Amino acid sequence: MAEYRYNFDEIEKKWQQYWDDKGLFKTEELPDADKYYLLEMFPYPSGKLHMGHVRNYSIGDVAARYFKMKGKNVLHPMGWDSFGLPAENAAIQKGVHPNIWTHDNMGEMREQLKQLGIAYDWDREIATCEPEYYRWMQWIFVQFFKNGLAYKKKNPVNWCPSCETVLANEQVVDGVCDRCGSAVGKKDLEQWYLKITDYAERLLADLDKLGDWPPKVKLMQKNWIGRSTGAEVDFSIEGFDKALRIFTTRPDTLFGVTYMVLAPEHPFVAELTAGGEYEAPVRAFVGKLQYMSDIDRTSTTLEKEGLFIGRCAVNPMNGARVPVYIANYVLMDYGTGAIMAVPAHDQRDFDFAVKYGLDIIPVVDPENPDIDTNDLKEAFVAEGLMINSGAFNGMRNREAIEKITEYLETNGIGKGSVNFRLRDWLISRQRYWGTPIPMIHCENCGWLPEKEENLPILLPTDVAFTGKGESPLTTSKTFSETICPECGGKAEREIDTMDTFLDSSWYFLRFCDARNEKVAFSKEKAAYWMAVDQYIGGVEHAILHLLYARFFTKFLYDIGMSPVDEPFTNLLTQGMVLKDGKKMSKSIGNVVSPGDIINRYGADTARLFILFASPPEKELEWSDAGVEGSYRFLNRVYRIVNELTDAVKTAGDGYKAVSEADKELDFAMNRAIKKVSDDIGGRFGFNTAISSIMEMVNALYKYKEEKAADAGLLKAAVTNLILILSPFTPHICEELWQITGHVDSLYGAKWPDYSEDALVRARAEIVVQINGKIKERVETESGLDREGLIAAVCADERVKRLIDGRDVLKLIAVPDKLINIVIQQ
RNA sequence: GCCGGAGUGGCGGAAUUGGCAGACGCACAGGACUUAAAAUCCUGCGGUUCGUGAGAAUCAUACCGGUUCGAUCCCGGUCUCCGGCACCA
């Protein structure tokens with residue numbers, strides 16, 4: 001018997017070349033075809049691909065190739081999120097210009113993606129660091145500004161002392177910089193913000209409009225946006241002419257207020273204490289807190305600390321005088337920066353009241369004899385009946401929330417109100433390798449956007465990378481100097497660059513029309529391709545990237561640019577690739593390099609293993625032995641197809657499954673087609689899809705030993721095997737397709753249908769249970785109805801013996817599967 | 001602390017709607033081929049008990065309980081692990 005050697009290296013190079021030469025993956029708008037926009041999160045070009053990339057893009061490629069075979073017009077583009085800190089660090093450490101470093105990396109990673117055989121339309125490749133891209137990034141920023149959604153504000157901001165830059169709240173994880181891990185401090189700086197909070201309501205509500213998104217991701221976004229309903233209430237302060245406005249979610253507890261707390265940064269604090277005996281101690285207290293890092297400031301374990309500021313406020317409900325404090329547990333940037341404190345019904349207020357000896361007045365009765373409202377051990381936060389609350393006594397507190405809010409509105413002391421946890425997005429970065437913010441400051445005219453016809457504002461090249469001090473753009477001799485677009489006088493450019501999360505917030509729109517030099521993207525092309533039908537990427541982007549991208553899309557929709565207001569219809573978040581139960585990382589030393597695996601086993605084996613070892617959304621434990629297994633399977637496929645090639649080439653089309661053996665193979669084949677179709681087209685169950693193909697291959701090995709093997713059936717089996725395996729391992733399948741006499745590429749070949757008839761088995765094995773316990777298996781004809789099934793099963797001698805004259809109380813029959821006989825014990 | 005998710009053989013995992021638990025693969029063991037090895041092929045492979053044996057009985061999906069003729073699946077409670085948020089008034 002001939003030996004067939006699976007030369008993956010030769011095969012993969014050959015077909016990659018073929019795809020490239022034929023330009024098979026190029027995509028254009030075809031008005032009559034059903035479009036399918038498939039997108040994987042584009043990578044940061046950090047150097048080489050890691051296994052997480054391989055997994056992400058292999059998953060995407062299976063879907064792309066499958067939907068192409070199903071006749072869809074598939075858009076499957078790739079690009080680079082190529083601005084960012086590592087490039088600048090390389091410049092500082094190695095003296096390489098970020099642009100060179102980045103392009104080297106993109107080149108290397110592009111080659112690796114081609115080696116993996118991912119079907120990308122490279123004609124649409126984009127890199128966010130190219131002026132052709134960031135020109136439109138700047139244009140979009142200008143639109144934000146013109147629509148009042150970009151503004152500059154001086155604020156204490158998160159400051160990473162190591163990266164020497166400002167960070168968004170989202171980039172501070174557990175109080176440390178999410179890039180370098182240094183503890184994040186505070187610094188007062190004037191910074192650009194995008195008003196994402198204007199979109200909070202829609203970003204929340206439209207989560208319901210999304211298609212198939214992991215519920216977990218929706219929930220994370222929901223919590224991040226953090227909508228709270230309640231009321232704003234004005235308290236007067238004795239001897240002070242301005243009202244103190246507070247926000248509360250519990251207007252029902254207004255009668256239980258025993259003190260007030262202002263955030264230390266609250267503008268009233270200085271006014272209220274100026275010139276008095278409290279000024280000095282308050283200033284000391286505020287000073288101590290102001291530059292505390294967020295990790296310390298907001299730690300729940302930090303003891304609550306506060307200071308009386310020498311003033312009293314008046315409760316508008318009952319005229320009660322209550323002292324005014326400042327305290328470390330009240331934040332300036334949520335609500336109004338001031339709270340009413342109700343220690344009886346809020347645990348934080350309770351702790352504070354106990355520490356400082358403040359009154360605790362219960363206003364909601366727990367209706368529980370075990371709780372003594374006059375001697376509370378902790379705050380009572382559940383529902384109950386109103387007490388100590390004047391006209392509202394006796395009401396359920398839930399109802400009192402509404403009634404008291406109405407009362408506030410009628411009497412002009414407050415109103416119903418909604419607050420969000422979401423903050424505006426700080427986008428300024430004191431960095432070089434990012435999109436320059438296209439804003440100009442003029443002494444006379446203030447902040448103005450650069451004229452659109454002058455875009456892009458190019459990054460200057462005469463810049464020093466010292467890694468110290470402020471933005472590197474300040475070291476350019478020419479960059480900041482410009483003229484005012486309004487009055488033509490001398491003016492200065494903004495020297496900060498944008499957070500790179502902006503670049504990735506609209507790249508999916510640019511892919512629709514990647515080479516357009518007139519506009520960011522044409523509305524027509526975007527209308528054809530958008531929204532992204534399937535988006536695939538790591539769950540680590542569940543909040544930031546996905547929220548920002550949704551925000552951008554809504555804004556672009558509002559100004560008439562984007563055809564849709566949600567960018568991603570369906571989302572798949574793939575799991576991490578682990579080795580020895582831990583995330584692969586250089587510091588642990590458990591990294592498996594994709595390049596090594598491809599060299600040793602080929603890209604098809606790497607793809608197959610990664611797709612087979614675990615469902616896409618779950619974590620994947622890397623196993624060298626498992627890779628061997630996948631390699632073995634591809635060898636098995638290669639061998640059997642080669643062995644059967646002659647038979648396949650000479651056989652006619654069509655077959656009749658006559659013998660039992662025919663029917664077995666026919667069944668396995670049709671089941672595999674159905675399973676793979678359902679698994680890819682539906683729930684992305686690639687691991688089970690592959691296992692059904694393995695079963696089919698096992699059936700084929702068994703069948704080919706049959707003396708009376710039907711050539712037509714063998715031909716169908718081999719043909720279908722190659723077709724349904726091809727999305728997973730395209731190179732070997734193209735090779736086998738050619739070997740078995742086909743001329744055209746498999747890319748876009750017609751996906752096979754399956755026969756329902758072949759999936760119906762003639763005989764059924766019926767499980768016989770007595771009182772729910774399995775006792776026997778009886779073979780019957782398949783497709784019997786309840787009566788027929790019971791008759792057939794009860795006719796069986798063994799079943800008769802099991803019943804043995806005892807009373808049958810009940811008979812449960814599940815067609816073709818099971819009978820449960822309930823008898824007297 | 002709050003909010004989610006998960007727990008199935010030695011391992012990765014399967015069971016898509018409440019109906020044969022452990023598909024498929026890995027590892028392991030035995031065998032065939034070979035001078036030998038690799039490769040390949042065949043067989044076995046959750047636990048316990050009984051049986052010389054074909055086999056039989058029984059337990060088993062983190063733990064305890066419930067609903068049901070029947071529960072990996074539904075409900076209640078407990079434990080463990082993972083993820084998100086974390087003084088948001």
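Just so you know, these numbers come straight off a predicted model, no measurement behind them. Throughout, a chain's letter reflects where its sequence line sits, starting with A, and its residues are numbered from 1. The figures here come from the full heavy-atom set of this structure, side chains too, leaving out hydrogens, waters and symmetry mates.
When distances run from any side-chain atom of A:Lys618 to the nucleotides B:rG13, B:rC87, B:rA89, the shortest one goes to B:rG13. Among the nucleotides B:rG84, B:rA86, B:rC41, the one closest to any side-chain atom of A:Arg639 is B:rC41. Residue A:Val767 places its side chain closer to B:rC20 than to any other of B:rC20, B:rG13, B:rU16. The side chain of A:Lys675 lies closest to B:rU16, out of B:rU16, B:rA89, B:rG84. Checking B:rU16, B:rA89, B:rC20 against the side-chain heavy atoms of A:Asp679 singles out B:rU16 as nearest.
With sequence neighbours excluded, the residues forming a ring-ring contact (aromatic ring centres under 6.0 Å, His included) with A:Tyr199 are A:Phe551, listed by chain and number. Among residues two or more places apart in sequence or in another chain, the salt bridge (Lys or Arg N to Asp or Glu O under 4.0 Å) test is passed with A:Glu664 by A:Arg761. A:Phe633 is linked by a ring-ring contact (aromatic ring centres under 6.0 Å, His included) to nothing, counting only residues two or more places apart in sequence or in another chain. Residues passing the ring-ring contact (aromatic ring centres under 6.0 Å, His included) test with A:Phe380, sequence neighbours excluded: none. With sequence neighbours excluded, the residues that form a salt bridge (Lys or Arg N to Asp or Glu O under 4.0 Å) with A:Lys674 are A:Asp678. Applying the salt bridge (Lys or Arg N to Asp or Glu O under 4.0 Å) rule to A:Arg636 yields no partners; only residues at least two apart in sequence or on another chain are considered. In this view, A:Tyr325 and A:Tyr259, A:Phe308, A:Phe352 satisfy the ring-ring contact (aromatic ring centres under 6.0 Å, His included) rule, not counting sequence neighbours. The salt bridge (Lys or Arg N to Asp or Glu O under 4.0 Å) check on A:Lys582 picks up nothing, with sequence neighbours excluded.
Crowding of A:Glu781 atom CD: a count of heavy atoms from other residues, nucleotides or ligands under 6.0 Å not exceeding 12. No more than 12 heavy atoms of other residues, nucleotides or ligands sit less than 6.0 Å from atom NZ of A:Lys702.
B:rC73 and B:rG5 have their P atoms separated by 16 Å, given to the nearest Å. Nucleotides B:rG1 and B:rC75 place their P atoms 25 Å apart, quoted to the nearest Å. Comparing B:rG84 with B:rA27, their P atoms are spaced 34 Å from each other, to the whole Å. Taking atom P in both B:rG70 and B:rC20, the straight-line distance is 15 Å, to the nearest Å. Using P as the reference atom, B:rG77 and B:rG22 are 32 Å apart when rounded to the nearest Å. Distance check on atom C1': B:rU67 versus B:rG13 gives 30 Å, rounded to whole Å. Here the separation of B:rG12 from B:rG18, taken at their P atoms, is 26 Å to the nearest Å. Annotation: B:rA32 and B:rG19 have their P atoms spaced 44 Å apart (nearest Å).
Summary of the strand contacts: A:Lys773 and A:Gly226 both lie near RNA chain B, and taking for each the nucleotide with the nearest heavy atom, the more 5' one is attributed to A:Lys773.
In this structure, the OH atom of A:Tyr329 is 13 Å from the P atom of B:rC87, given to the nearest Å. Nucleotide B:rC20 holds its P atom 12 Å from the CD atom of A:Glu765, rounded to whole Å. Taking atom NE2 of A:His541 as the reference point, atom P of B:rG84 lies 13 Å away to the nearest angstrom. With rounding to whole Å, A:Lys222 atom NZ is found 14 Å from B:rG84 atom C1'. A:Phe609 places its CZ atom 12 Å from the P atom of B:rG12, with the value rounded to the nearest Å. At whole-Å resolution of the value, CZ in A:Phe350 and C1' in B:rA89 are 17 Å apart. Rounded to whole Å, the distance from CG on A:Asp678 to P on B:rU17 is 13 Å. Separating the CD atom of A:Glu378 from the P atom of B:rC2 is a distance of 11 Å, rounded to the nearest angstrom.
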Footprint string (nucleotides 29-34 of chain B, 5' to 3'): B base within contact, S backbone only, - free, heavy atoms under 4.0 Å: ------

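In this structure, B:rG9 shows a glycosidic angle within 90 degrees of zero, which is the syn conformation.
No contact: A:Pro215 has no heavy atom under 4.0 Å from any strand. Residue A:Ile812 is in base contact, counting any heavy-atom pair closer than 4.0 Å across all strands shown.
Between A:Asp234 and A:Arg245 there is a salt bridge, since at least one side-chain N of the basic residue sits less than 4.0 Å from a carboxylate O of the acidic one. Ion pairing between a basic and an acidic side chain is recognised when a charged N comes within 4.0 Å of a carboxylate O; A:Arg423 and A:Asp333 show such pairing. Ion pairing between a basic and an acidic side chain is recognised when a charged N comes within 4.0 Å of a carboxylate O; A:Lys579 and A:Glu621 show no such pairing.
Not a single donor-acceptor pair under 3.5 Å links the side chain of A:Glu232 to the backbone N or O of A:Phe247.
Counting distance only, with no hydrogens placed and no angle test, the side-chain atoms of A:Lys304 and the base atoms of B:rC87 include a donor-acceptor pair under 3.5 Å.
Checked by atom type, the side-chain pair A:Asp679/A:Tyr66 shows no donor-acceptor distance below 3.5 Å.
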Can you give me the N/O atom pairs linking the protein to nucleotides 80-83 of chain B at distances under 3.5 Å, or say none if there are none?
residue	atom	partner	partner atom	Å
B:rG83	O2'	A:Lys216	NZ	3.4

Report all interatomic pairs (protein N or O, nucleotide N or O of nucleotides 21-27 of chain B) with separations under 3.5 Å.
residue	atom	partner	partner atom	Å
B:rA23	O2'	A:Glu695	OE1	3.2
B:rG25	OP1	A:Asn698	ND2	3.3
B:rC26	OP1	A:Arg632	NE	3.3
B:rC26	OP1	A:Arg632	NH2	2.7
B:rA27	OP2	A:Arg632	NH2	3.2

Steps toward side chain to side chain contact (heavy atoms under 4.5 Å, CB included) verdict (A:Arg639, A:Tyr701): CA-CA 10 Å; A:Arg639 229 179 300 125; A:Tyr701 263 91; 3.4 Å; yes

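Stem analysis of RNA chain B (at least three stacked-register Watson-Crick or G-U pairs, each with both distances under 3.5 Å) gives B:1-7 with B:79-85, B:10-12 with B:24-26, B:28-32 with B:40-44, B:46-50 with B:55-59, B:62-66 with B:74-78.
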